[in-house]
Amino acid sequence: MASSSDSSCYTVVFESSAEYPSASELRSALEKGSDEVKIDTLRKIIISTINGNPQPTLMMPVIQFVMPSRNKQLKKLLHFYWEVCPKYDENGKLKQEMILVVNAIRNDLQHPNEYIRGATLRFLQKIAKDQELLEPLIPTCRACLEHRHSYVRKNAVFALYSIYREFEHLIPDAAELMYTFLIAESDSSCKRNAFVFLAHCAMPKAVEYILSIYDSIGTLDEALQMSIIEVIRLDCKNDSTHRSRYIRCIFELLNASSHAVKYEAATTLTTLTQNPAAVKAAAASFISLVIKESDNNVKLIVLDRLDNLRSKHGQVIDGLIMDVLQVLSSADMEVRRKAISIVLSMTSSRNVEEVVLFLKKQLQKTQEADFEKAPEYRQLLIQSIHVTAIKFSEVAASVVHALMEFLGDSNNPSALDVVAFVREVVEKFPHLRSTICEKLISTLSEIKSGKVFRGVLWILGEYVESVADIHSTMREVRKVIGEIPILASEQRLLDEAGGDGEEESEKPKTEGSSRPKVLADGTYATETAYTSTSAARLEAVKAAAKPPLRTLILGGDFFTGAVLASALTKLVLRFDKASQDQVASNMLRAESMLIMTSIIRVGQSKFVTVQIDEDSNERIMTCIQTLSDLESQPAVQEMYLEDTKTAFTKMLGAQEKRAAEKKDAETAKAVTVQVDDLLSFRQFSKRTADEAIDYDEDVGRATGSAEVQEDFMSNLSRISQLTGFSDPIYAEAYVKMHGFDILLDVLLVNQTGNTLQNLCLDFATLGDLKIVERPAVYTIAPHGFQSIKATIKVSSTETGVIFGSILWEGPNMSEACVILNDIHIDIMDYIKPAYCNEAQFRSMWTEFEWENRVNVNNPMSDPREYLKHVMKATNMSCLTPEGATSGECDFLSANMYARSLFGEDALANLSVERTENGTITGHVRIRSKTQGIALSLGDRITMGKFACMLPPMNLRVADDAVLLAQKDSKPLSV
């Protein structure tokens with residue numbers, strides 16, 4: 001007997017009640033209509049049955065007028081109908097009409113058409129839980145095993161398999177039946193189905209069959225080979241005596257033509273044995289799969305498996321590193337990135353030269369015009385060579401000069417990676433400094449980027465030491481900055497172009513539009529265009545070809561100008577110490593001061609895009625003052641020549657320390673068993689191979705059935721009271737977050753002495769929440785209990801509210817109602833700490849348009865404690881290094897980052913200071929792409945009584961407001 005509680009769950013299909021025909025109309029259509037009309041009518045009946053309106057009175061007309069039809073589409077729809085229609089009466093007994101249905105199914109199982117037989121056998125798999133229906137059909141199903149067509153035989157095997165799983169006593173000789181069928185069968189799909197059935201009902205028989213065909217396993221069909229590998233894996237869980245033969249069999253399957261078989265064989269082999277030859281063969285098979293497979297997702301999965309194998313058997317497979325490098329021929333960047341990470345972890349002093357040589361060849365290929373994704377790949381290769389050269393100093397000298405060829409690369413990130421690499425090499429390997437500096441000096445004229453210029457100038461200022469190198473550096477600086485003074489030379493160019501340098505002397509030509517324009521605020525304005533010959537000549541002078549560093553300074557990059565001033569100051573100070581030629585020292589100092597003064601003057605002129613900023617101006621003036629008082633301030637000289645280099649050395653040491661700590665944390669083995677823990681027999685089992693893959697456990701984890709249960713107090717904290725104790729119905733809900741769903745377990749208590757009929761719990765939501773189930777109707781006895789479960793889908797990290805009411809029939813059929821308290825969803829369950837690099841943070845900070853500014857005024861006295869408090873309240877991680885926030889200081893600025901389960905990024909910048917009263921003031925700026933997450937995180941900070949919050953505003957609107965305020969010369973109040 002099948003009860004309604006364990007019936008299958010079907011898709012709810014929409015049906016329009018306005019157009020739905022009555023039962024008599026449906027009966028008439030079934031009785032008198034053509035096959036097309038019957039198909040349409042039966043489809044309507046099936047949809048109605050699925051949606052909860054079974055219409056049992058139509059079963060007999062279906063049997064009378066549809067079942068005798070020979071139309072194949074009607075037969076297929078009939079199978080759907082028998083699957084969903086109610087087959088049992090109110091007492092749980094099989095309806096009498098189903099006897100006719102069983103007879104019709106038996107006739108179809110004996111039909112001469114193999115398609116009808118096969119389709120009917122497939123239908124039997126859907127009703128495998130109805131024993132009374134299936135029992136008379138068993139002999140006919142067994143007879144189908146001997147049918148001439150393989151389509152019928154393979155479906156007959158799975159039909160018997162489905163029946164056997166539910167009711168083993170109906171097929172007591174299943175093992176012998178399938179073994180005999182396997183021996184005589186020739187079709188590969190039939191053999192595979194029968195073997196799966198045999199392995200389920202009698203594992204020893206399946207093992208016996210494997211041993212009987214042991215020598216021909218390599219020639220079998222792919223599906224059957226996969227099933228054999230699965231049986232081998234299951235049998236070896238029980239310490240099989242055939243393990244050695246299985247290993248030889250799996251070795252043969254590593255050479256199979258099917259990629260799926262090769263992958264499963266390699267995975268299974270590592271679970272059967274830890275023999276180095278077997279591990280190496282499995283790794284070689286994985287590498288071959290990655291190279292030959294076309295699907296990038298498969299490549300990534302196999303590379304993950306290879307990486308896992310490397311972490312356990314690193315020394316065994318290190319010899320295959322050159323084979324792994326062949327994976328870089330893939331066009332997908334994710335595959336290349338994963339392969340590079342594996343290669344870097346496999347690199348050792350024995351193979352580092354071969355690896356670096358291969359990477360250098362790949363780097364040269366990226367310069368070809370038709371190379372796919374060349375900039376990204378070039379940056380990845382440069383970063384990889386950087387890591388390798390720092391780790392293995394013997395190859396640093398061979399790669400550093402090759403990488404410096406890319407300092408003038410138009411792809412700015414690649415050139416920046418090269419600068420970072422050169423800066424680290426020149427500090428860690430002193431014997432390479434002179435050659436590296438010579439190469440940097442010669443490549444100054446090829447550099448185009450301001451960031452690259454700053455890095456190279458810093459290196460030259462710190463590490464150029466000989467008098468000859470200082471002279472050559474100054475020569476190259478003159479070339480890249482052009483004629484000095486800059487302002488005078490630019491003015492001369494303007495004069496030569498025909499202008500006199502005074503725009504006021506020429507009267508501009510004015511052209512006015514004939515019609516007024518309507519502005520955004522509704523006022524009128526006249527559009528006027530000014531044209532000036534002098535302005536046009538000035539633009540022509542600005543657009544003329546100039547040396548690279550001069551172009552950057554005239555373009556407004558005065559930060560690079562300040563770095564140039566600092567580098568020149570260091571060179572002059574070092575030259576003064578190294579050389580006894582006072583005249584040459586004074587000439588070098590005068591030239592450097594002239595360059596610095598020229599940068600400041602041109603920064604205040606009309607020839608630059610933007611005026612020089614105060615910071616750069618002050619820094620360059622400090623350098624000029626240092627050079628003017630060359631002899632009198634030894635402390636300043638020490639700061640320029642020693643302190644900056646010492647700070648960089650400390651920074652590298654801190655990076656190495658963090659990397660070492662991270663590596664130790666990854667390699668450290670956690671203690672899983674304490675000495676006083678209870679011992680289980682599993683602890684004494686010897687692990688002779690890698691952990692086997694248990695697919696049943698994986699399914700359990702995926703469905704959540706294997707989750708660790710929460711403790712009682714944790715469950716109590718998630719209970720929300722929905723009604724009062726004096727209400728007729730008391731209700732409380734246990735709110736459980738599960739992935740992207742919110743599960744509500746509502747307990748209703750009838751506190752009256754009356755039976756509450758037609759009670760309905762109706763929920764509604766605010767925010768990006770969606771209720772899944774339709775409300776059901778219940779009847780609760782006096783002082784009775786009712787538990788109701790509801791599922792709500794969450795689609796974004798926005799503060800959501802669930803509200804609702806309870807409705808029921810009161811006395812005299814009147815409607816009674818209780819309004820429920822609101823349930824506020826805590827978004828912190830969906831926000832997790834995450835990490836990104838500085839470039840990604842800056843890019844997202846510029847891109848995101850929603851900002852929530854929270855003003856801080858907190859009695860806490862330690863800014864770092866306040867930072868930890870905010871991180872805990874918002875589930876955000878701190879991106880600012882710990883070294884940057886350490887030490888005694890009254891100011892603190894830190895960047896934070898988090899990511900939601902829905903892929904939404906949240907950025908935050910904390911800027912606070914400690915006042916004289918010992919309190920903390922400042923602000924927290926939260927930015928995100930959507931308004932919801934910015935509001936929600938701001939609410940979390942505000943609820944902690946940290947601050948008062950300004951409403952979030954769209955940055956685009958704010959920018960427009962700033963422009964309008966500047967136009968009207970009025971301050972913008974925010």
Look at atom CD of Gln110 and say whether more than 12 heavy atoms of other residues, nucleotides or ligands are closer to it than 6.0 Å. yes

Is any side-chain heavy atom of Val196 closer than 4.5 Å to one of Arg192? yes

Minimal non-hydrogen separation, Val84 against Thr49, with atom names: O-CG2, 3.5 Å

Test side chain to side chain contact (heavy atoms under 4.5 Å, CB included) applied to Ile321 and Leu344, Ile342, Val352, Val355, the passing residue: Val355

Are the side chain of Lys87 and the backbone of Trp82 linked by a donor-acceptor contact shorter than 3.5 Å? yes

Whether His147 and His149 hold their rings parallel, tilted or perpendicular, with breakpoints at 30° and 60°: tilted

Nearest non-hydrogen partners of Arg106 and Pro136, listed with the distance: NH2-CB, 3.6 Å

Indicate yes or no for a side-chain donor-acceptor contact from Tyr115 to the backbone of Lys72 under 3.5 Å, with no hydrogens or angles considered. no

Kindly indicate, with the supporting measurements, whether the criterion side chain to side chain contact (heavy atoms under 4.5 Å, CB included) is fulfilled by Lys312 and Asn308. CA-CA 7 Å; Lys312 298 177 181 178; Asn308 184 44; 3.9 Å; yes

What closest approach, in Å, do Ile46 and Phe80 show between heavy atoms, and which atom pair accounts for it? CD1-CB, 3.9 Å

For Arg117, salt bridge (Lys or Arg N to Asp or Glu O under 4.0 Å) partners two or more places apart: none

Specify whether His169 and Phe167 have parallel, tilted or perpendicular ring planes, treating 30° as the upper limit for parallel and 60° as the lower limit for perpendicular. perpendicular

Using a cut-off of 6.0 Å, state whether more than 12 heavy atoms not belonging to Arg122 lie near its atom CZ. no

Treating Ser285 as the side-chain partner and Ala281 as the backbone partner, does any N or O pair qualify as donor plus acceptor under 3.5 Å? no

Could you tabulate the donor-acceptor pairs under 3.5 Å formed by side-chain atoms of residues 287-296, not counting sequence neighbours?
from   : atom 1 : to     : atom 2 : distance (Å)
Glu293 : OE1    : His259 : ND1    : 2.8
Glu293 : OE2    : Asp295 : N      : 3.3
Asp295 : OD1    : Asn297 : N      : 2.9

So which heavy atom on Thr271 is nearest to which on Thr268, and how close? OG1-O, 2.6 Å

Any donor-acceptor pair under 3.5 Å from Gln225 side chain to Ile217 backbone: yes

Using a 3.5 Å cut-off and no angle test, enumerate the donor-acceptor pairs between side-chain atoms of residues 203-212 and protein atoms at least two apart in sequence or in another chain.
from   : atom 1 : to     : atom 2 : distance (Å)
Lys205 : NZ     : Glu176 : OE2    : 3.1
Glu208 : OE2    : Tyr179 : OH     : 3.4
Ser212 : OG     : Tyr209 : O      : 2.6

Could you pull out the closest heavy-atom pair between Lys154 and Asn193, with the gap in Å? O-ND2, 3.3 Å

Report yes or no: does Ser330 contribute a side-chain atom to a donor-acceptor pair with the main-chain N or O of Val327 at less than 3.5 Å? no

More than 12 heavy atoms of other residues, nucleotides or ligands under 6.0 Å from CZ of Arg248: is that the case? yes

Test item: Ile301 and Tyr263 side chains (from C-beta on) under 4.5 Å apart, heavy atoms: yes

Does this structure show an ion pair linking Lys299 with Glu334, if we count only N-O contacts that are shorter than 4.0 Å? no

Minimum heavy-atom distance Cys236-Tyr246, with the two atoms named: SG-CD1, 3.5 Å

With a 3.5 Å distance limit and no angle check, can you tell me whether Thr273 reaches the backbone of Leu269 through a side-chain donor-acceptor pair? no

Check whether any side-chain heavy atom of Phe181 sits under 4.5 Å from a side-chain heavy atom of Leu198, and report yes or no. no

One thing to verify: whether Asp187 and Arg153 come together as a salt bridge, which I'm taking to mean a side-chain N less than 4.0 angstrom from a carboxylate O. no

